[in-house]
Number of protein chains: 2
Amino acid sequence: MKKNAKNELIKYDHPCPIRDVLDRIGDQWSLLILKSLEHDVMRFNTLHKEIGDISRQMLSRTLKRLENDGYITRTVYAQVPPRVEYALAELGLSFLKPMNTLIQWADENHEAICRARKTQNL
Amino acid sequence: MKKNAKNELIKYDHPCPIRDVLDRIGDQWSLLILKSLEHDVMRFNTLHKEIGDISRQMLSRTLKRLENDGYITRTVYAQVPPRVEYALAELGLSFLKPMNTLIQWADENHEAICRARKTQNL
DNA sequence: TCAAATAGTCTATATTGTAGACTAATTATA
DNA sequence: TATAATTAGTCTACAATATAGACTATTTGA
């Protein structure tokens, strides 16, 4: 993150929509979470198990950001033990289309990628 | 990264193409680099200036990964000072389509995202 | 009485990213 | 002749971020 002389965060004023979107969903987990929510409402622990290798902290953080940005909704039921459900919001639903274009490309080119890939762990 | 009892990296065997693609291009910089190369061959420093807020180390690393995976090519000219050109390879070219679908969505929803976004810096 | 379940948070540690100095070789400029 | 500029990276010390796993509160069921 850039800072100015007073060590304050320089707020990036997003002149560029690509950046704007990538800054939020171009991370390791957001797409996987949105994909998991494609067909079903999900609870925190279910998502945690489904994705498998995400830490609870990152799951929590990423869900907060996705909610904050309007991709998903978070519904709390007054129960014990707690029940919190995450679901796609309008923006998330609309995002499915480009996301699935990407996923389709991934499917179609999976083999080509494996063939092209020379080294593991670069 | 997951490790086993002997502290060796557990090699993720990529049963899932989405993961396979996201693990490589789902980072902060890859899409921006590929987008920069869409219309032009580019040199290292030019990319560095164009993207602006990437460190040289990350640029170097990301370019290596993209080359290794077959998205881009790297051509060295025997000159001094050195001239190294990066260009889209076949896989990179084919990736433009889903990438631009994503970018188009970003453009179209830019406003909605800004409206939905409640908090900066989450 | 004790375990189980849930949705997180907290903390110590491990991993990853950053800025900026540095390199070697040649040309251009003063 | 000395000095600066140029290039594509690498290196290092430091900063930021992610991880694993312990922990919380509350209620139900055994």
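By convention in this document, chain letters (A, B, ...) are assigned in the order of the sequence lines, proteins followed by strands, and residues within each chain are numbered from 1.
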Please give, in whole Å, the distance from [N] [atom2] to [X] [atom1]?
X: B:I54; N: C:dT16; atom1: CD1; atom2: P; value: 16 Å
X: A:R83; N: D:dT27; atom1: CZ; atom2: C1'; value: 15 Å
X: A:L59; N: C:dG8; atom1: CG; atom2: P; value: 9 Å
X: B:N45; N: D:dG9; atom1: CG; atom2: P; value: 9 Å
X: B:D53; N: C:dT18; atom1: CG; atom2: C1'; value: 11 Å
X: B:F44; N: D:dT6; atom1: CZ; atom2: C1'; value: 14 Å
X: B:L47; N: D:dA8; atom1: CG; atom2: P; value: 10 Å
X: A:E85; N: C:dG8; atom1: CD; atom2: P; value: 12 Å

Item to check | Residues B:Q28 and A:D23: side-chain donor-acceptor under 3.5 angstrom | outcome: no
Checklist entry - Once you round to the nearest 0.5 Å, how far does CG of B:L22 lie from OG of B:S30? => result 11.0 Å
Item to check | Approximate separation, where rounding is to 0.5 Å, of B:R74 CZ and B:L66 CG | outcome: 13.0 Å
Can you identify which nucleotide, out of [options], has its nearest atom closest to the [X] side chain?
X: B:Y86; options: C:dG8, D:dT7, D:dG9; result: D:dG9
X: A:Q57; options: C:dC10, C:dA7, D:dT12; result: C:dC10
X: B:S60; options: D:dG9, D:dA8, C:dG17; result: D:dG9
X: B:M58; options: D:dT19, C:dG17, D:dT7; result: C:dG17
X: A:S55; options: C:dA19, D:dT19, D:dA8; result: D:dT19

Taking only nitrogen or oxygen atoms into account, show me every contact under 3.5 Å that the protein makes with nucleotides 21-30 of chain C, one pair per line with its distance.
none

Checklist entry - Between A:F44 and A:Y86, how do the two ring planes meet: parallel, tilted or perpendicular, split at 30° and 60°? => result tilted
Next on the checklist: Using a strict threshold of under 4.0 Å (side-chain N to carboxylate O), is an ion pair present between B:R61 and B:D27?
Outcome noted: no
Checklist entry - Does any non-hydrogen side-chain atom of B:I33 lie less than 4.5 Å from one of B:S36? => result no
Checklist entry - How would you label the contact of A:Y77 with the nucleic acid (heavy atoms, under 4.0 Å): base, sugar-phosphate, or nothing? => result nothing
Is any side-chain N or O of [X] closer than 4.0 Å to OP1 or OP2 of [N]?
X: A:R61; N: D:dA18; answer: yes
X: B:K64; N: D:dT10; answer: yes
X: A:R43; N: C:dG8; answer: no

Item to check | Verdict with supporting geometry, A:E67 and A:R65, salt bridge (Lys or Arg N to Asp or Glu O under 4.0 Å) | outcome: CA-CA 5 Å; A:E67 186 200 358; A:R65 275 197 280 130; over 6 Å; no
